[in-house]
Amino acid sequence: MSPASRTRRKGNMSSSYVGIGMSVLPVILAPVGVPVPFRARLVVTPLMAESPITPREKDFATWYQDVVLQGDMAEPAEIVKGCMVIKPNGYAVWERLQRELDDRFKATNHQNIYLPLLIPESFLKKEAEHVEGFAPELAVVTHAGGKQLEEPYVLRPTSETIVGHFFAKWIQSYRDLPLLYNQWANVIRWELRTRLFLRTTEFLWQEGHTAHASHEEAMEEVLRMLDVYADVAENVMAMPVIKGRKTRAEKFAGAVHSYSIEAMMQNGLALQAGTSHDLGQNFGKAFDVTFQSKEGKLDYVWQTSWGVSTRLIGGLIMTHSDDKGLVLPPKVAPRKAVIVPIFRKEEERGPVMEVAEKLAKDLGAHIDTRDGQSPGAKFFHWERRGVPVVFELGPRDVASGNIVLKRRDTGEKQVIPQTEAVAKLAETLEAMQTGLLAKAKQRLKDNTCTANSIGEVEDILRAVTAEKGGGKFVMAHLKDDPANDARIKEFKASIRNIPSVDEFDGPGKCILTGETVDRRVVIAKSY
RNA sequence: CGGGGCGUGGCUCAGCCUGGUAGAGCGCCUGGUUCGGGACCAGGAGGCCGGAGGUUCGAAUCCUCUCGCCCCGACCA
């Protein structure tokens, strides 16, 4: 309601953790000077300008929140349940991801459209499984213009239904197909439990919606877009993923089959980073989307839908960041390099700034000219915001023709000639992008194991939580049967997907039914 | 919906048990000294203590109701 009634960051939200690994803190325990009788005065210097970050080891979930907050990525909206405000540093990352994705969508012949936010409630009900899946998380508009609406509108949780309606209007003939559309939009899902970026009531995403003349063609589309997602995840976000098919129990409500990319976070939990659905003719039938084939026969279209959301940013953070804050792969970093100018005396300012400005232009770097902030404070500032490279430039460097380059991921610092700065920056960004992916791949490998009995799977995963970590991807033979999914859920894990590429030992007996299945599936705890 | 935490300057909190008319640190503003990994000194601005009602001479503090936020769980494209 009123701004005055909003609450503050507190309780478990706050990191009550007091920083270590900072500078040495002189602690003076003494009555200083004047009358503070028998009251010890605690003087801690220097006082930290920005809050510390809870170490991953202590509490991974709190660490994540600290990184998001301190990295200036987002903050809870507080005045709106489960919603967040995406701040400039976070939104800029989203814009980078949007660009990378959108370019690939265009390259695969998709066009962007925009559909209404409000969907007539009856639309949701036209596909039985779809409404069942989404009903619990719908927000509904019942009043507008000062009157109760005859038919309520739901705030879109996804647009398959409204797309179905318009596809029916737009498609008559096989010549109209395929229809390859994408929408960048916000959606609302009334989730019980929210976490910044990972699951929020309102989130930003893109949803691709396509219609095809045959199932084969639709399936090609489903897998093509899954590949696009995997490409962006690995080659832009440096986040390795496992492509695969969802089990029947886990598929999208209304789909024939769903496919996903699954990433592993630093605590070993899985994150579904993107999905691509084979909708078959389900929505075609529900919305009467028909076309006349070359042979003159009337048939329902075959549809697909696919999406990734701002959740990707959560995945990005939990893949690369460390106890000092955000770490961003260069390809998604809004600012790739920042120059921190250093000068003691006023007369040093001119020469330092002159060189800084010239280099900033060559490097495409931002100069931190903020007054009243010491260089040290600036280093911490950019470090927690995940800037890949920070340059230090002081009188010493101006005199020697050098500049100090500090790399965010490794913390490595080196003095280089100014003339080599441009080349060295490019080289460092490249190395960092590659290094982050390699590190994440290694972590995925190190935390993936096989299991050959349900007891073994349960032993490995039972105690895993988002806070304590210790998660693994457990590869086991398991039949795609909702009863088996239910058994896995008993210890709060789930079948993440059935990998498209089998990197293990091929067929084996299902650990629950004994039937032969063709490969191992990924079982893990997830967000 | 269950369990827990909590609403006090911009932020993090103390004060509440044992009512007496609001504090600290950070941040912010001014001036000066500083500046190579979170600087310091001095001065200053800023709060109807989430809301409503009650008890009382007097309420941030006690009582009742209410609104909301965060964390954990159940749920989950």
Side-chain angles (χ1 to χ4, degrees), chain A residues 1-16 18-19 21-25 41-52 59 61-62 65 69 75-83 130 133-134 136-138 156-158 160 187-196 198-199 201 203 205 207 246 250-255 258 260 272 274-275 277 305 307-309 311 324 340-346 348-349 352 371-384 390-397 403-404 406 411 413 415 465-467 489 492 494 526-527:
Chain A
M1 301 271 284
S2 85
S5 70
R6 75 193 184 284
T7 53
R8 281 134 205 103
R9 186 169 178 255
K10 65 179 64 67
N12 284 333
M13 272 291 287
S14 101
S15 67
S16 52
V18 176
M22 306 293 167
S23 54
V24 180
L25 311 178
R41 254 178 58 178
L42 180 70
V43 182
V44 181
T45 330
L47 290 156
M48 279 170 299
E50 298 168 85
S51 310
D59 182 338
T62 306
Q65 285 209 70
L69 261 20
E75 64 183 46
E78 293 185 331
I79 48 165
V80 188
K81 184 177 157 50
C83 291
H130 191 65
F134 281 100
E137 44 189 83
L138 294 177
R156 70 176 155 229
T158 179
E160 275 76 5
V187 288
I188 299 275
R189 295 183 188 179
W190 215 259
E191 304 283 359
L192 296 175
R193 173 84 197 281
T194 57
R195 298 178 202 251
L196 292 171
L198 300 173
R199 180 176 292 105
T201 301
F203 57 92
W205 78 343
E207 44 180 327
K246 286 295 207 185
E250 295 277 337
K251 73 178 173 61
F252 175 71
S258 288
S260 73
Q272 179 174 297
T275 47
H277 312 293
S305 69
V308 294
S309 71
R311 170 183 274 189
K324 291 173 180 168
V340 175
I342 300 160
F343 34 80
R344 289 173 225 268
K345 303 168 193 124
E346 196 50 40
E348 289 171 340
R349 185 187 204 108
V352 167
D371 232 17
Q373 296 276 317
S374 69
K378 290 178 180 178
F379 297 146
F380 278 89
H381 179 86
W382 296 113
E383 183 170 69
R384 66 181 49 211
V390 172
F391 288 102
E392 307 178 19
L393 184 73
R396 223 151 64 196
D397 306 301
I403 188 165
V404 180
K406 173 144 192 208
K413 215 170 183 177
V415 182
T465 66
E467 297 74 42
K489 283 222 159 163
K492 302 186 198 320
S494 54
S526 74
Y527 276 101

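In the text below, chain A, chain B and the rest are named by the order of the sequence lines, each starting its count at 1.
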Item to check | Watson-Crick or G-U counterpart of G47(B), or none if no pair lies under 3.5 Å | outcome: none

Checklist entry - Quick one: Tyr527(A) OH to C75(B) C1', roughly how many Å, whole number? => result 17 Å

Next on the checklist: Does Glu392(A) reach a base, just sugar-phosphate, or nothing at all? Heavy atoms under 4.0 Å.
Outcome noted: base

Next on the checklist: In this structure, how many angstroms lie between the P atom of G36(B) and the CG atom of Asp397(A), rounded?
Outcome noted: 13 Å

Next on the checklist: Would you measure the distance from the C1' atom in C29(B) across to the matching atom in C6(B) and give it in whole Å?
Outcome noted: 32 Å

Item to check | Any Glu191(A) side-chain heavy atom under 4.5 Å of Glu137(A) side chain | outcome: yes

Checklist entry - Is the shortest heavy-atom distance from the side chain of Ile342(A) to the side chain of Asp397(A) under 4.5 Å? => result no

Checklist entry - For A60(B), which nucleotide is its Watson-Crick or G-U wobble mate, given both distances must be under 3.5 Å? => result none

Next on the checklist: For the base of G37(B) and the side-chain ring of Phe379(A), does the geometry meet a stacking cutoff of under 5.5 Å between centres and under 30° between planes?
Outcome noted: no

Next on the checklist: Under a 3.5 Å distance rule, please check whether Ser260(A) uses its side chain to pair with a backbone N or O of Lys246(A) as donor and acceptor.
Outcome noted: no

Next on the checklist: Under 4.0 Å, heavy atoms only, any strand: does Phe343(A) hit a base, just the sugar-phosphate, or nothing?
Outcome noted: base

Checklist entry - Looking for any heavy atom pair under 4.0 Å, which part of the strands does Phe203(A) touch: base, sugar-phosphate only, or nothing? => result base

Next on the checklist: Please report the distance, rounded to the nearest Å, between CG in Asp371(A) and P in U33(B).
Outcome noted: 13 Å

Checklist entry - Glu250(A) CD to C76(B) P: how many Å, rounded? => result 8 Å

Next on the checklist: So Lys345(A), base contact, sugar-phosphate only, or nothing? Heavy-atom distance under 4.0 Å.
Outcome noted: nothing

Item to check | Distance, P atom - from G15(B) to U34(B), rounded to whole angstrom | outcome: 41 Å

Checklist entry - Roughly, in whole Å, what's the span from CZ in Phe134(A) to P in C75(B)? => result 18 Å

Next on the checklist: Starting the side chain at C-beta, find the nucleotide from C70(B), C75(B), C35(B) nearest to Leu192(A).
Outcome noted: C75(B)

Item to check | Pairwise C1' distance for G10(B) and A45(B), with rounding to whole Å | outcome: 12 Å

Next on the checklist: What's Pro395(A) touching, base or sugar-phosphate or nothing? Going by heavy atoms closer than 4.0 Å.
Outcome noted: base

Checklist entry - Is the side chain of Arg311(A) donor-acceptor paired with the backbone N or O of Leu198(A) at a distance under 3.5 Å, no angle test? => result yes

Checklist entry - At under 4.0 Å between heavy atoms, what does Lys324(A) touch on the DNA or RNA strands: base, sugar-phosphate, or nothing? => result nothing

Checklist entry - Ignoring hydrogens and angles, are the base of G36(B) and the side chain of Lys378(A) linked by a donor-acceptor pair under 3.5 Å? => result no

Checklist outcome for this item: Interatomic distance, NZ@Lys378(A) vs CD@Glu392(A), rounded to 0.5 Å, equals 12.0 Å

Next on the checklist: Just N and O in the side chain of Ser374(A): are any of them under 4.0 Å from OP1 or OP2 of C35(B)?
Outcome noted: no

Checklist entry - Which part of the nucleic acid, if any, lies within contact of Ser258(A), taking any heavy atom under 4.0 Å across all strands shown: a base, the sugar-phosphate backbone alone, or nothing? => result nothing

Next on the checklist: Could you identify the nucleotide paired to G37(B), looking across every strand shown and requiring Watson-Crick or G-U wobble geometry with both distances under 3.5 Å?
Outcome noted: none

Checklist entry - To the nearest 0.5 Å, what is the distance between OG (Ser258(A)) and CD (Glu250(A))? => result 10.0 Å

Item to check | Pairing partner of C16(B) (Watson-Crick or G-U wobble, both distances under 3.5 Å) | outcome: none

Checklist entry - Is there a Watson-Crick or G-U wobble partner for G73(B) with both distances under 3.5 Å, and which nucleotide is it? => result C1(B)

Item to check | Complementary nucleotide of G7(B), counting Watson-Crick and G-U pairs under 3.5 Å | outcome: C67(B)

Checklist entry - Touch check for Lys406(A), heavy atoms < 4.0 angstrom, all strands: base, sugar-phosphate only, or nothing? => result base

Next on the checklist: From the set C35(B), C76(B), G37(B), return the single nucleotide nearest to any side-chain atom of Pro375(A).
Outcome noted: C35(B)

Checklist outcome for this item: Which of G36(B), G38(B), A74(B) is nearest the side chain of Arg384(A)? It is G38(B)

Next on the checklist: Say we look at G31(B) and C70(B): how far apart would their C1' atoms be, to the nearest angstrom?
Outcome noted: 41 Å

Item to check | Euclidean distance, atom CD of residue Glu75(A) to atom C1' of C11(B) [Å, nearest integer] | outcome: 11 Å

Checklist entry - With a non-hydrogen cut-off below 4.0 angstrom, is Arg195(A) in contact with a base, only sugar-phosphate, or nothing? => result sugar-phosphate

Item to check | Between A52(B) and C48(B) - P atom distance, rounded Å | outcome: 13 Å

Checklist entry - With a 4.5 Å limit on heavy-atom distance, are the side chains of Lys413(A) and Val404(A) in contact? => result yes

Checklist outcome for this item: Nearest-nucleotide check on RNA chain B, Arg396(A) vs Gly82(A); residue mapping nearer the 5' end is Arg396(A)

Checklist entry - Between A24(B) and C1(B), how far is it from one C1' atom to the other, in whole Å? => result 40 Å

Next on the checklist: Taking only the P atom of each, what is the distance from G9(B) to A60(B) in whole angstrom?
Outcome noted: 14 Å

Next on the checklist: Given the structure, check if the side chain of Gln373(A) and the base of G38(B) hold any donor-acceptor pair shorter than 3.5 Å.
Outcome noted: no

Next on the checklist: Just N and O in the side chain of Lys492(A): are any of them under 4.0 Å from OP1 or OP2 of A74(B)?
Outcome noted: yes

Checklist entry - Among G38(B), C35(B), C28(B), which is the nearest nucleotide to the side chain of Arg344(A)? => result C35(B)

Item to check | G38(B) to A42(B) separation - C1' atoms, rounded to the nearest Å | outcome: 22 Å

Checklist entry - How are the rings of Trp205(A) and Phe203(A) set relative to one another: parallel (under 30°), tilted (30 to 60°) or perpendicular (over 60°)? => result perpendicular

Checklist entry - Starting at CD1 of Ile342(A) and ending at C1' of G37(B), how long is that distance when rounded to a whole Å? => result 9 Å

Item to check | Nucleotide of G36(B), C69(B), C71(B) approaching Lys81(A) most closely (side-chain heavy atoms) | outcome: C69(B)

Item to check | Residue Gln65(A), side-chain atoms from C-beta onward, closest of C35(B), C71(B), C76(B) | outcome: C71(B)

Item to check | Glu346(A) CD to C35(B) P, straight-line distance once rounded to whole Å | outcome: 13 Å

Checklist entry - NA contact type, Val404(A), heavy-atom cut-off 4.0 Å: base, sugar-phosphate, or nothing? => result base

Checklist entry - Does the pair Phe252(A) and Glu160(A) meet the rule for a side-chain contact (heavy atoms from CB on, under 4.5 Å), with working shown? => result CA-CA 11 Å; Phe252(A) 175 71; Glu160(A) 275 76 5; 3.6 Å; yes

Checklist outcome for this item: Which of A74(B), C76(B), G38(B) is nearest the side chain of Ala377(A)? It is G38(B)

Next on the checklist: Base, sugar-phosphate or nothing for Glu467(A)? Non-hydrogen atoms, less than 4.0 Å.
Outcome noted: sugar-phosphate

